[in-house]
Amino acid sequence: MLSIGFGPVSYRLVTELACEAWHWNPRGTWSDPQHQQGYWTSSSDLGAPIALSYGYRLPRRGNTIDQAANDGYSRIDDGDPSTFWKSNPYLGEAFAGEPHPQWIVVDFGRVERVNALRIDWGNPYATSYRVQWWNGEDAIGSPAEGDWIDFEDGRDDEGVGGVETRRLSARSVEARWIRILMLDSSKTTGGASEDVRDSIGFAVRELSAGMIDDRGFHDLVRHGTTRAAQTVIWVSSTDPWHRATDIDEDDEQLGFDALFATGLTRGRPLLTPVALSYGIPDDAAAEVRYLRARGYPVSQIEMGEEPDGQNASPEDYAAFYRQYARAIHRVDPSLRLGGPAFQSTANFVSFWRDGHAGTAWVTRFLADLRAHDQLADFSFFSFEWYPFDDLCRPPQPQIERQPALLASVLARWRREGVPESIPWIATEYGYSSYTGQAEVELYAAIVDADFIGQFLSEGGSAAYFYTYEPDVLLRELRCPTWGNLTPFLSDEQHRVRYKLPAYWAAWMITHEWSARSGEQQMYRAHVRDARNIGAYVLRRPDGRWSVMLTNRSATASPPLSIVFGDGRTLSGEVRVTEYSPAQYEWRADGENGRPVRDLPPVTRVMNPIRRITLPPHSITVVTE
């Protein structure tokens, strides 16, 4: 792994994707220690090195679907009135400094006729709420393309809790999605809890929706204790309250001490996460204390991971961000904080209007920080780049499309107000977040090289390849495509069998194109009359020029000349390193697929170079 030549490492946080709390240290304290439950704070005291850390399932979970193992379910329609969903108390006015309405969205899966709702409220319950239906294409996938419309009798200003059945309109409405928007809380608890967090927010034990007529109430919601058995529910947030018995031993992460002991960080600062959606600010502060006490180099903290995947509103994420920033900076004011680690890079990230001037997520997030005088706490902008979701489609059109797609996404974020004065960091990048054959072929290498060259030349500061470790072939999609986003094909024990094109693309970037250390300058480049050629120009610390060229086409390029802005061409002896189908060929065979040709890039010295022809599907580096 070290031979690839990567620099700093980014620690990724799968618990945020799994709707789980993270015990980054197995030692710590519960807010209710007598019952081993409540809100968890890992210990910042130094003890035995942390080898592993685990996620903990949330018994007050609201979402049916998550972005990890996806083996949980919502407590809102599990059919069990003894369980309940509760919103995150850190979005209540007592912590956030202002009210944050919370919501539940029911997705029937198809358009249905709806005119009634039944809610079994928990504590605290909503004393004021609205019931709405979605007028648009896709409430979750396309939140900017529609609006929430109140049912004609969908507003309640005198909620009293308990089980409530109500007719929403005289006539039924045809809708696939309905939303319960909760505005004011009863601030009550259902037991003898003295923890104020138990009384902040909203709680629902069970929810039904459908039709009411002379024969009674007809429920369209499916209730069950598995993802497949229940109607899909989405929620605005989830209470991170949990118990010691909720440990998910299938959701393990490498402990901080074990990570630094591997040597993979090379002594450089770790880009470090804190659990934000399902954690608490005190735990984030304790994490920073621990890392500082160990003497580990940490300079940047990524605040949570993929809030867009959690359907978090920009205002809710900003409320979390502000609280966590204050807690972390009380421990170490020098730490640079950033986010939001968007997962949706191929599509623009937006959110429901809900009375705001626009739907652009980042614009509203930045506006919230600015309004609360905490914009200075936003020190870097982070996102993930996986441009292709459908790996069942031919890869050739995809690799040709990536440069224009990236340019449009970066331009959109600039228009939406992301400051160019702060670093822009791709904290994950790769061909796709799904597995497929293109990832173990030359297509992935070209996508990686193009992304790095283009992103850095357009002002990007750093990019982190995912995944780093050796792995086996996997099949996730319905089409017969096996692959993995890894530089190494391994056996089941993760022992390397082959170096894949993703390895050699990264190796050429770190060993041939760029210098290993020192300040390097990127220059914009233009390729004349060759649409599928990428050119990325770098001036190394020693003053030498280095040009990385990609050929996305399935045919060889015409002869190309390299001409600099002042009219100068490369002169004297140059080093040319090339990686193409002459070095690599993949044989598909299901889970037994493997390379039948797996050679390293070839290097030759040329003197002088006038024109160069690029092989099909190739990466070439020319260095003075």
Side-chain angles (χ1 to χ4, degrees), residues 342-349 381 383-391 393-416 418 420 424-433 436 438-439 441-466 485 501-502 504-506 508-509 513-514 522-538 546-558 560 562-563 565 578-580 612 614-622:
F342 279 145
Q343 71 168 13
S344 302
T345 49
N347 298 310
F348 302 121
V349 184
F381 171 65
F383 67 97
E384 301 170 2
W385 183 253
Y386 298 112
F388 309 120
D389 284 344
D390 191 350
L391 273 70
R393 292 186 176 182
Q396 183 63 40
Q398 293 181 331
I399 68 171
E400 293 177 8
R401 187 166 59 93
Q402 181 193 227
L405 180 63
L406 178 61
S408 67
V409 170
L410 297 180
R412 175 69 174 264
W413 282 332
R414 293 187 187 102
R415 292 196 302 272
E416 291 178 349
V418 179
E420 295 192 69
W424 289 31
I425 303 174
T427 45
E428 295 182 27
Y429 74 89
Y431 192 96
S432 176
S433 58
E439 295 168 339
E441 295 189 290
L442 284 161
Y443 301 110
I446 294 167
V447 163
D448 292 348
D450 270 331
F451 171 69
I452 291 296
Q454 183 180 356
F455 178 55
L456 296 181
S457 65
E458 291 206 31
S461 297
Y464 293 80
F465 177 83
Y466 185 89
L485 199 65
W504 289 115
M508 290 181 71
I509 290 168
W513 182 52
S514 62
M522 285 288 303
Y523 290 83
R524 294 183 181 273
H526 174 68
V527 181
R528 296 177 183 170
D529 304 323
R531 182 174 61 88
N532 283 322
I533 303 298
Y536 312 103
V537 180
L538 187 68
S546 183
V547 182
M548 180 169 64
L549 301 161
T550 61
N551 183 4
R552 296 180 286 272
S553 175
T555 59
S557 74
L560 302 173
I562 299 174
V563 182
E578 195 171 83
Y579 188 64
S580 74
I612 185 169
L614 307 179
H617 292 158
S618 63
I619 303 171
T620 302
V621 175
V622 181

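All residue numbers in this chain count up from 1 along the given sequence.
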Can you name the nearest heavy-atom pair linking P395 to A438, along with the distance?
CB-CB, 4.1 Å
From S580 OG over to H617 NE2, what is the distance, rounded to the nearest 0.5 angstrom?
11.0 Å
Strictly distance-based, threshold 3.5 Å: is any side-chain N or O of D450 a donor or acceptor partner for the main-chain N or O of Q454?
no
Note, Y579 side chain near S618 side chain (heavy atom, < 4.5 Å):
no
Taking all atoms of both residues into account, what is the closest heavy-atom pair of N551 and P616, and its distance?
ND2-CA, 3.6 Å
What distance do E400 atom CD and S553 atom OG have between them, rounded to the nearest 0.5 Å?
6.5 Å
Nearest heavy-atom neighbours spanning A535 and V527
CB-CG2, 3.6 Å
Could you tell me the separation between the CD atom of E428 and the CZ atom of F342, rounded to the nearest 0.5 Å?
14.5 Å
Is there side-chain contact between E578 and P615, with heavy atoms separated by less than 4.5 Å?
yes
Report the C-alpha distance between V409 and W385 in whole Å, list the side-chain angles of each, state the deciding distance to 0.1 Å, and finish with yes or no for side-chain contact (heavy atoms from CB on, under 4.5 Å).
CA-CA 10 Å; V409 170; W385 183 253; 4.2 Å; yes
Does Q396 reach the main-chain N or O of R552 with its side chain, forming a donor-acceptor pair under 3.5 Å?
yes
S457 (side chain) donor-acceptor with Y536 (main chain) under 3.5 angstrom
no
So do the side chains of I533 and L560 get within less than 4.5 Å of each other, counting heavy atoms only?
yes
Between A463 and F451 the two heavy atoms that sit nearest each other are CB-CE2, 4.0 Å
Do Q343 and Y386 get their side chains close enough for a donor-acceptor pair, meaning under 3.5 Å?
no
Using the benzene-type ring in the case of Trp, are the ring centres of F381 and W413 under 6.0 Å apart?
yes
Enter the distance from L549:CG to I612:CD1 here, rounded to the nearest 0.5 Å.
6.5 Å
Is there a side-chain contact (heavy atoms from CB on, under 4.5 Å) between W504 and I619 once you walk through the steps?
CA-CA 10 Å; W504 289 115; I619 303 171; over 6 Å; no
Could you check if a side-chain atom of I399 sits within less than 4.5 angstrom of a side-chain atom of R401, using non-hydrogen atoms only?
no
All heavy atoms of S546 vs all of V621, minimum pair found to be OG-CG1, 3.8 Å
Taking atom CZ of R393 as the centre, report whether more than 12 heavy atoms of other residues, nucleotides or ligands fall under 6.0 Å from it.
no
Quick one, Q402 and F388 - any side-chain contact, counting heavy atoms below 4.5 Å?
yes
State the OG1-CG distance between T555 and L614, to the nearest 0.5 angstrom.
10.5 Å
Should D389 and S433 be marked as a side-chain contact (heavy atoms from CB on, under 4.5 Å) after you check the CA-CA gap, both sets of side-chain angles, and the distance that decides it?
CA-CA 7 Å; D389 284 344; S433 58; 4.2 Å; yes
Flag side-chain contact, heavy atom, 4.5 Å: T427 against Y466:
no
Under 6.0 Å between ring centres: does that hold for Y429 and Y464?
no
Heavy-atom side-chain contact between T620 and V622 under 4.5 Å:
yes
Beyond-backbone contact of M548 with M508, side-chain heavy atoms, under 4.5 angstrom
no
Does any N or O in the side chain of W424 come within less than 3.5 Å of the main-chain N or O of F383, such that one atom is a donor and the other an acceptor?
no
One should read off an interatomic distance between N532 CG and T550 OG1, to the nearest 0.5 angstrom, of 9.0 Å
